[in-house]
K.L.:
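Before I ask anything, here is the structure I am working with.
Position 1 is the first residue of the sequence, and the numbers go up from there.
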Amino acid sequence: MPVDVLTEIEIARPRAEVAAYAADPGNATAWYENIERVEWKSEPPLAVGSRIAFVARFLRRSLAYTYEVRERVAGERLVMRTADGPFPMETTYTWADSGTGTRMTLRNRGEPQGFSKLAGALMAPAMRRANRKDLARLKSILEH
């Protein structure tokens with residue numbers, strides 16, 4: 001069962017500030033509740049081709065995976081795909097001006113395999129809940 005989860009939030013901060021913070025892998029453990037560790041596999045700064053390893057907990061399992069940046073338009077769009085790991089996934093962030101702040105979208109899509117395939121029916125709702133919480137945490141960090 002394919003998974004495609006789109007979540008968005010309004011953040012009362014300038015787009016450049018929201019995008020810079022959210023796109024920095026060094027900030028991931030601060031606003032993603034389930035991400036435990038981040039490690040650069042290529043040299044910073046973030047660019048197309050950059051590889052970043054993550055260790056996360058999801059559905060009571062520890063997951064290790066590496067994202068590769070596929071597209072980056074500073075302040076507008078970031079697309080990353082797993083280069084390895086148990087769940088082939090593409091994650092897209094977009095940022096757009098919205099009134100005096102920013103509308104950020106977070107989209108995760110992929111095709112579960114292995115354990116993830118067995119848990120596929122639970123995957124999208126759990127991912128949607130996690131994404132909402134993560135974006136709310138990001139909003140709280142940036143607005144305070």
Side-chain angles (χ1 to χ4, degrees), residues 1-13 15-42 44-99 101-143:
M1 168 191 292
V3 172
D4 191 347
V5 175
L6 178 69
T7 312
E8 60 183 22
I9 197 164
E10 301 283 328
I11 300 174
R13 302 299 303 157
R15 178 167 43 105
E17 183 180 328
V18 175
Y21 186 91
D24 182 346
N27 295 326
T29 58
W31 67 278
Y32 273 106
E33 180 178 347
N34 295 328
I35 294 181
E36 298 175 340
R37 287 194 314 277
V38 177
E39 178 185 348
W40 284 90
K41 294 296 187 181
S42 58
L46 194 68
V48 172
S50 292
R51 293 172 52 89
I52 304 103
F54 294 87
V55 175
R57 292 207 59 79
F58 187 69
L59 295 177
R60 299 184 186 166
R61 310 243 336 167
S62 182
L63 303 173
Y65 54 93
T66 301
Y67 269 122
E68 183 173 319
V69 175
R70 298 301 186 122
E71 181 182 342
R72 181 162 189 253
V73 179
E76 293 179 21
R77 182 176 170 86
L78 175 65
V79 180
M80 303 174 289
R81 290 193 189 119
T82 52
D84 57 24
F87 181 7
M89 173 75 69
E90 179 180 88
T91 297
T92 303
Y93 301 157
T94 62
W95 303 279
D97 293 332
S98 179
T102 303
R103 183 180 63 253
M104 179 175 171
T105 62
L106 168 57
R107 182 179 188 190
N108 292 111
R109 59 187 180 150
E111 188 78 37
Q113 297 179 353
F115 160 78
S116 299
K117 191 171 189 173
L118 297 175
L122 305 173
M123 187 80 59
M127 195 175 289
R128 189 170 288 107
R129 278 190 305 276
N131 286 355
R132 282 187 190 130
K133 286 169 70 175
D134 294 336
L135 287 177
R137 180 181 271 179
L138 176 65
K139 176 182 175 81
S140 177
I141 289 168
L142 292 174
E143 289 183 355

K.L.:
Please evaluate residues Thr105 and Leu6 with respect to the criterion side-chain contact (heavy atoms from CB on, under 4.5 Å), reporting the C-alpha separation (whole Å), side-chain torsions for both, the decisive distance (0.1 Å), and the verdict.
P.N.:
CA-CA 7 Å; Thr105 62; Leu6 178 69; 4.1 Å; yes
K.L.:
Go through the structure and list residues passing side chain to side chain donor-acceptor pair (under 3.5 Å) with Tyr93, not counting sequence neighbours.
P.N.:
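Expected list: Tyr32.
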K.L.:
Assess whether atom CZ of Arg37 is packed by more than 12 heavy atoms of other residues, nucleotides or ligands within 6.0 Å.
P.N.:
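Atom CZ in Arg37 is not packed in, count stays at 12 or less.
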K.L.:
Between Ser62 and Val55, which heavy-atom pair has the shortest distance, and what is it?
P.N.:
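Where Ser62 meets Val55 most closely, the heavy atoms are OG-CG1, 3.9 Å.
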K.L.:
Rounded to the nearest 0.5 Å, what separates atom CG in Asn27 from atom CD1 in Ile35?
P.N.:
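Asn27 CG to Ile35 CD1: 11.0 Å, rounded to 0.5 Å.
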K.L.:
Could you tell me whether the side chain of Arg128 and the main chain of Thr7 form a donor-acceptor pair under 3.5 Å?
P.N.:
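The answer is no, because no donor-acceptor pair under 3.5 Å joins these two groups.
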K.L.:
Nearest 0.5 Å, what's the CD-OG1 distance between Glu8 and Thr94?
P.N.:
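Going from CD on Glu8 over to OG1 on Thr94, the span is 8.0 Å.
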K.L.:
Where do Glu10 and Glu143 come nearest, in terms of heavy atoms and distance?
P.N.:
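So the two residues come closest at O-OE2, 4.1 Å.
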K.L.:
Atom CD in Glu90, atom OH in Tyr67: separation rounded to 0.5 Å?
P.N.:
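So the gap between those two atoms works out to 9.0 Å.
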K.L.:
Which atom names give the shortest non-hydrogen contact between Gly75 and Ala19, and what distance separates them?
P.N.:
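Heavy-atom minimum between the residues: CA-CB, 3.6 Å.
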K.L.:
side-chain contact (heavy atoms from CB on, under 4.5 Å) with Ala47: which residues, sequence neighbours excluded?
P.N.:
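For Ala47 the side-chain contact (heavy atoms from CB on, under 4.5 Å) partners, ignoring immediate neighbours, are Ser50.
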K.L.:
For the side chain of Ser42 and the backbone of Arg51, is there at least one donor-acceptor N/O pair under 3.5 Å apart?
P.N.:
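At least one qualifying donor-acceptor pair exists.
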K.L.:
Please walk me through it: do Val3 and Asn108 pass side-chain contact (heavy atoms from CB on, under 4.5 Å)?
P.N.:
CA-CA 7 Å; Val3 172; Asn108 292 111; 5.7 Å; no
K.L.:
Considering only NZ, NE, NH1 and NH2 on the basic side and carboxylate oxygens on the acidic side, decide whether Glu68 and Arg81 come within less than 4.0 Å.
P.N.:
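Between Arg81 and Glu68 there is no salt bridge, as every charged N stays at least 4.0 Å from the carboxylate O atoms.
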K.L.:
Drop me the distance from Asp97's CG to Arg15's CZ, to the nearest 0.5 angstrom.
P.N.:
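Nearest 0.5 Å value for the CG-CZ distance: 4.0 Å.
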K.L.:
I'd like to know whether Thr102 forms a side-chain contact (heavy atoms from CB on, under 4.5 Å) with Leu142, so could you lay out the CA-CA distance, the side-chain angles of the two residues, the decisive distance to 0.1 Å, and finally the verdict.
P.N.:
CA-CA 11 Å; Thr102 303; Leu142 292 174; over 6 Å; no
K.L.:
Do side-chain atoms of Thr82 reach the backbone of Met89 as a donor and acceptor pair under 3.5 angstrom?
P.N.:
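Yes, Thr82 side chain to Met89 backbone: donor-acceptor pair under 3.5 Å.
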K.L.:
I'd like to check the side chain to side chain donor-acceptor pair (under 3.5 Å) partners of Arg77; sequence neighbours left out, ordered by chain and number.
P.N.:
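Result, side chain to side chain donor-acceptor pair (under 3.5 Å) vs Arg77: Glu71.
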K.L.:
Just how far is it from atom NZ of Lys41 to atom CD1 of Ile52, taken to the nearest 0.5 Å?
P.N.:
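Taking NZ in Lys41 and CD1 in Ile52, the distance rounds to 11.5 Å.
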K.L.:
Working to the nearest 0.5 Å, report the span between CE of Met127 and CG of Asn34.
P.N.:
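Taking CE in Met127 and CG in Asn34, the distance rounds to 10.5 Å.
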K.L.:
How close do Leu46 and Ala23 get, counting heavy atoms only, and between which atoms?
P.N.:
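Closest heavy-atom pair between Leu46 and Ala23: CD2-O, 3.1 Å.
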K.L.:
For residues Met104 and Trp95, report the shortest heavy-atom separation together with the two atoms involved.
P.N.:
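Taking every non-hydrogen atom into account, SD-NE1, 3.4 Å.
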K.L.:
Quick one, Ile9 with Leu138, criterion side-chain contact (heavy atoms from CB on, under 4.5 Å). Give me CA distance, side-chain angles, the key distance, then yes/no.
P.N.:
CA-CA 10 Å; Ile9 197 164; Leu138 176 65; 5.8 Å; no
